[in-house]
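Order of the sequence lines sets the chain letters (A, B, ...), proteins ahead of strands, with each chain counted from 1. Here the structure is a predicted model, which means the values were calculated and not measured. Both backbone and side-chain heavy atoms feed into the values below; hydrogens, waters and symmetry mates do not.
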Amino acid sequence: MTKTIERYNPRVEEPRWQKAWDDNESFVASDKDDGRDTYYMLEMFPYPSGRIHMGHVRNYSMGDVLARYKRARGFNVLHPMGWDAFGLPAENAAKQTGSHPKTWTYANIAAMRAQLKSMGLSYDWTREFATCDPEYYHRQQELFLDFLAAGLVTRKSAKVNWDPVDETVLANEQVIDGRGWRSGAVVEQRELTQWFFRISDFSEELLAALDTLDGWPEKVRTMQRNWIGKSEGLRLLFELMPSNETGRTSVEVFTTRPDTIFGASFIALSPDHPLAEEIGRRDPAVQGFIDAFHRQGTATETLEKAEKEGVFTGLMVRHPTRPSETLPVYVANFVLMDYGTGAIFGCPAHDQRDLDFARKYGLRVIPVVLPPDTDPADFTVGADAYVGPGTIYHSEFLDGLTIEAAKREIARYFGARQVDGAVQGTVETNYRLRDWGISRQRYWGCPIPVIHCPTHGVVPVPKADLPVRLPDDVTFDKPGNPLDRHPTWKHVPCPICGEPSRRETDTMDTFVDSSWYFARYTSPHASEPTIPAIANTWLPVDHYIGGVEHAILHLLYSRFFTRAMHRTGHLGMDEPFKGMFTQGMVVHETYRDTAGDWVLPADIVLEGMGEARHATLASTGAPIEIGAIEKMSKSKRNVVDPDEIVRTYGADCARWFMLSDSPPERDVQWTEAGIEGASRFQQRVWRLLHDTLELGPGSEDASSATAEIESIRKLAHRTVQGVADSIEGLRFNSAVAQIYELTNGLSRFAAALEATPDAFGTAVLRDGVERLLQLIAPMMPHLAETCWQLLGKSGMVADAGWPSVDTALLVDDTVVMAVQVNGKRRGEMTVPKGAPVPEVEKQALSLEAVARMLDGAPPRKIIIVPDRIVNVVV
RNA sequence: GCGGGCGUGAUGGAAUGGUAGACAUACGGGACUUAAAAUCCCGGGGCUGUAAGCCGUGUGGGUUCAAGUCCCACCGCCCGCACCA
């Protein structure tokens with residue numbers, strides 16, 4: 001076709017349709033039961049850092065495809081968006097630029113909202129909120145009080161990382177080589193009284209329910225399983241020999257290998273163990289060891305590589321199964337205080353750490369597990385501990401038992417004995433999962449709604465007095481918590497007695513905010529946290545999409561919160577997310593100039609290919625070194641600004657490219673060629689539409705139908721089916737490929753009709769294009785709307801539903817069967833579908849290639865998979 | 001160390017145990033054009049001049065009429081957790 005048409009202009013069309021959807025309230029979810037099934041589509045809400053990045057574009061494009069698709073399939077879809085708006089960056093900005101965290105945050109939200117709107121995402125914006133809205137944190141405070149009343153919250157003393165310069169608690173991630181990440185001060189371990197959510201009460205439940213979450217990636221479930229870290233073992237008392245000055249008579253250890261008790265050769269305490277601290281006070285050598293341990297502190301790097309070291313305490317314990325023997329008690333650097341009891345018994349022969357320790361301090365190594373089919377005389381433990389299966393030996397009454405049987409036997413044995421008037425051994429399940437400490441000494445977070453009264457202790461703020469609002473008049477010029485040094489805010493009367501009291505000045509961890517926002521979306525403006533009747537119709541979220549970096553904490557906290565809200569009557573289910581998906585990152589090449597500084601992709605020019613590929617700085621022509629492909633990050637400057645892409649190519653192209661190139665769980669590399677390809681496709685659809693319009697409406701009279709016309713009809717119907725299957729399976733790249741095939745087919749067909757007009761063919765083309773637009777609509781919604789309108793369809797494609805599929809067109813009456821000889825393809829043949837086996841066999845044997853391979857001999861065997869393949873075995 | 005995942009053309013990737021390389025990108029050739037862009041058509045895993053054929057999904061074995069796909073062993077890469085007793 002030689003006529004020229006104007007190019008499709010996304011800059012004009014996209015804002016037009018965004019306004020139309022808005023005016024039409026196309027994506028406002030209905031809380032009324034209108035007979036449609038509900039579908040809750042959610043993407044992880046962003047932190048309002050100021051700009052959206054390509055990772056957001058990818059995440060939200062995927063979510064939008066599903067939301068629009070499900071809506072087309074007749075679901076009542078809830079697809080909300082909001083802002084995870086509390087957090088430290090706002091306070092840092094306040095310190096650096098003097099702008100108030102609130103001003104900074106809301107300005108960022110406004111900017112990012114405009115960016116998201118320019119992408120044409122099908123959000124129900126009427127449900128938008130920010131977690132820093134008093135309306136939101138009011139309800140969060142209500143939840144806190146309900147949790148408190150239900151015994152789900154506790155206040156206890158805990159060791160925390162304390163930055164003495166900034167006067168704040170630091171998360172483990174913020175301590176680098178034992179120093180505060182911002183102040184550089186040596187971090188102290190401080191014992192502080194903190195608020196905790198009792199998530200560890202739910203350890204078993206949270207673990208067990210993972211098995212029911214079959215809509216989650218196995219990887220995420222595994223990560224959560226490991227994080228919860230269940231292990232079953234024995235809590236065991238060792239009797240301290242009387243000659244000690246501590247006044248204690250026993251030491252308690254936890255072990256998962258009680259079957260190796262006869263191999264025990266020492267006891268080791270954590271440096272943080274109360275008994276170790278007690279001995280340290282009298283014994284300078286022990287205290288020196290503990291101090292040295294603390295100086296190494298939290299730097300994970302050094303912890304990993306640290307040699308097993310310890311110091312003898314002078315104490316001895318009685319061997320629990322060999323009463324005439326004693327074992328030395330050490331303080332050792334590899335024993336953790338916050339797991340088990342903070343003390344272990346060492347069995348060097350069957351634990352590598354214990355073995356390393358024993359070799360260093362000359363302790364006994366007594367093998368008690370004999371590997372299968374091994375002669376006891378041949379078995380020795382050298383540099384490697386034996387941790388495999390085997391038979392117990394050197395163990396008196398356990399001899400000959402398997403490990404599992406020995407565990408049961410020894411548990412029974414210790415269960416019947418006493419030390420200190422207590423049962424010596426108790427079967428116990430231990431979890432790594434610790435309670436969730438939520439106290440933060442920060443301003444920009446949700447205030448914890450309690451008051452400390454000298455008489456009544458901790459008093460909850462009465463619900464009528466909520467919300468406890470953050471004061472606006474705060475300063476950030478000094479270190480520490482602005483709430484704490486505010487002149488008046490914390491001075492309040494006790495709600496019970498009216499005496500002068502102190503308001504809690506800690507705020508909640510921002511993970512609390514994101515642990516229930518998905519529930520709040522169901523009634524975002526209700527005067528209670530949720531309206532259970534409504535929340536229960538929407539939840540659990542049908543599909544949740546976000547980054548794998550939240551696979552543990554955010555998802556685990558949300559699962560806990562859902563259970564806690566269930567117990568306190570705010571929700572009617574235990575699991576928040578039925579389907580869950582973690583998308584891959586957006587990566588890009590990195591570029592550096594001759595000085596080694598990172599350079600933005602937008603500032604360079606790329607030329608050549610392969611070996612000859614090189615880059616220069618656009619402004620000066622200076623050479624640029626092309627570096628590794630890495631996750632887009634500000635620090636490496638390998639970022640592409642979504643705004644720039646939307647301005648240049650339009651939102652549809654950005655969305656299309658993000659969906660088309662890689663499977664969604666894998667990383668996708670942003671390339672100029674890729675976005676160009678999307679843009680080319682967009683114009684191709686546009687031209688196809690105009691070619692179709694040019695040909696006119698055609699005729700429904702099928703009497704002139706040809707095989708070619710039929711094959712186009714089939715292609716269209718099959719693609720509808722295939723794209724639906726692909727979208728349901730989140731194989732967006734595969735859906736895109738099928739749409740390409742349909743577009744190619746229709747374009748060629750349009751060209752053929754131009755050359756040889758055919759009225760029925762024209763009608764089939766038009767029908768195919770109509771279907772194509774509906775398939776494209778979830779991905780390139782603006783383009784689809786414009787074309788839909790030009791095609792003369794009434795209403796919007798967003799409301800048009802999903803195209804029907806004539807299942808009769810999905811099956812062929814003939815099939816092409818591959819013919820193999822000895823499993824190698826030698827030819828193919830066309831047979832009627834469902835052709836009888838003898839027919840197929842005869843035809844296959846008559847193929848020239850087959851006859852040649854047979855060379856006159858009869859085939860040994862012929863395998864026929866009907867309508868699929870023939871394999872002749874010679 | 002433990003756990004999870006991945007390895008397919010020049011590149012991203014496709015393939016319910018049944019024709020490996022769909023689709024796209026890059027590239028080469030052609031058409032159109034004064035020319036370029038855009039667009040359209042053709043080509044393409046390797047070896048062999050062509051054809052027939054042989055080889056080919058990280059490596060080596062195995063199961064099967066048939067293996068990218070299942071099993072075993074190994075190599076490499078990525079991610080997560082990590083002194084959890």
**Message:** Classify A:Asn744 by what it touches in the nucleic acid, base, sugar-phosphate, or nothing, heavy-atom distance under 4.0 Å.
**Reply:** sugar-phosphate
**Message:** Mind checking if A:Arg225 touches a base, just sugar-phosphate, or nothing, with heavy atoms under 4.0 Å?
**Reply:** nothing
**Asked** When the P atoms of B:A15 and B:G58 are considered, how many whole Å apart are they?
**Response** 16 Å
**Message:** Let's test your reading of the pairing rules: Watson-Crick or G-U wobble, both distances under 3.5 Å, then write RNA chain B as a dot-bracket string with ( ), [ ], | and dots.
**Reply:** (((((((..(((.....[....))).(((((.......))))).(((.....)))..(((((..]....))))))))))))....
**Request:** Please collect all side chain to side chain donor-acceptor pair (under 3.5 Å) contacts where either partner lies in residues 659-673 of chain A, sequence neighbours excluded, each pair once.
**Result:** A:Tyr649-A:Glu672
**Prompt:** Looking for any heavy atom pair under 4.0 Å, which part of the strands does A:Glu218 touch: base, sugar-phosphate only, or nothing?
**Reply:** nothing
**Request:** Could you measure between the two P atoms, the one in B:A24 and the one in B:A31, and give it in whole Å?
**Result:** 24 Å
**Message:** Is there, by distance only and without an angle test, a donor paired with an acceptor across the side chain of A:Lys219 and the base of B:C79 below 3.5 Å?
**Reply:** no
**Request:** Would you indicate which nucleotide in B:A82, B:A85, B:A22 comes nearest to any side-chain atom of A:Tyr339?
**Result:** B:A85
**Message:** Looking only at the side chain of A:Ser231 (C-beta and beyond, no hydrogens), which of the listed nucleotides B:G18, B:A24, B:A85 gets closest?
**Reply:** B:A85
**Request:** Just jot down the side-chain hydrogen bond (donor to acceptor under 3.5 Å, both in side chains) partners of A:Gln738, sequence neighbours excluded, or say none.
**Result:** A:Ser726, A:Ser734
**Fill in**
Of B:A26, B:A14, B:G80, the nucleotide closest to the side chain of A:Met223 is B:G80
**Message:** Which residue is it: A:Met44, A:Met62, A:Arg58? I am looking for the one with a side chain to side chain contact (heavy atoms under 4.5 Å, CB included) to A:Ile545.
**Reply:** A:Met62
**Message:** Quick check for you: among B:A85, B:G53, B:U19, whose closest atom lies nearest to any side-chain atom of A:Arg826?
**Reply:** B:G53
**Message:** So, taking the atom named CG in A:Leu234 and the one named OG1 in A:Thr426, what distance separates them when rounded to the nearest 0.5 Å?
**Reply:** 7.0 Å
**Listed nucleotide nearest any side-chain atom of A:Val865, set B:C23, B:G18, B:U19** = B:G18
**Request:** Name the residue closer to the 5' end of RNA chain B, choosing between A:Glu676 and A:Tyr431 according to the nucleotide with the nearest heavy atom.
**Result:** A:Glu676
**Prompt:** Is there a donor N/O on one and an acceptor N/O on the other, under 3.5 Å, for the side chain of A:Asn871 and the base of B:C65?
**Reply:** yes
**Message:** Heavy atoms only, 4.0 Å cut-off, all strands: where does A:Pro217 land among base, sugar-phosphate and nothing?
**Reply:** nothing
**Request:** Let me know, please, whether A:Tyr740 or A:Lys861 comes out on the 5' side of the other along RNA chain B by nearest nucleotide.
**Result:** A:Tyr740
**Message:** Students often mix this up, so state it plainly: with edges at 30° and 60°, are the rings of A:Phe266 and A:Tyr330 parallel, tilted or perpendicular?
**Reply:** perpendicular
**Asked** Do A:Glu218 and A:Arg225 pass the salt bridge (Lys or Arg N to Asp or Glu O under 4.0 Å) test, and can you show the C-alpha distance, the side-chain angles, and the key distance before you say yes or no?
**Response** CA-CA 10 Å; A:Glu218 193 50 48; A:Arg225 244 175 236 125; 3.4 Å; yes
**Message:** Once rounded to the nearest 0.5 Å, what's the spacing between atom OH of A:Tyr8 and atom CD of A:Gln682?
**Reply:** 5.5 Å
**Prompt:** In terms of base orientation, is B:G9 syn or anti, with the syn window spanning 90° either side of 0?
**Reply:** syn
**Message:** Looking only at the side chain of A:Ala818 (C-beta and beyond, no hydrogens), which of the listed nucleotides B:U19, B:G12, B:C83 gets closest?
**Reply:** B:U19
**Asked** Considering only B:U19, B:G13, B:C81, which nucleotide approaches the side chain of A:Trp227 most closely?
**Response** B:C81
**Asked** Which one, B:C83, B:G18, B:G13, comes nearest to the side chain of A:Arg666?
**Response** B:G13
**Request:** Just call it for A:Val335: base, sugar-phosphate, or nothing, with non-hydrogen atoms closer than 4.0 Å on any strand.
**Result:** base
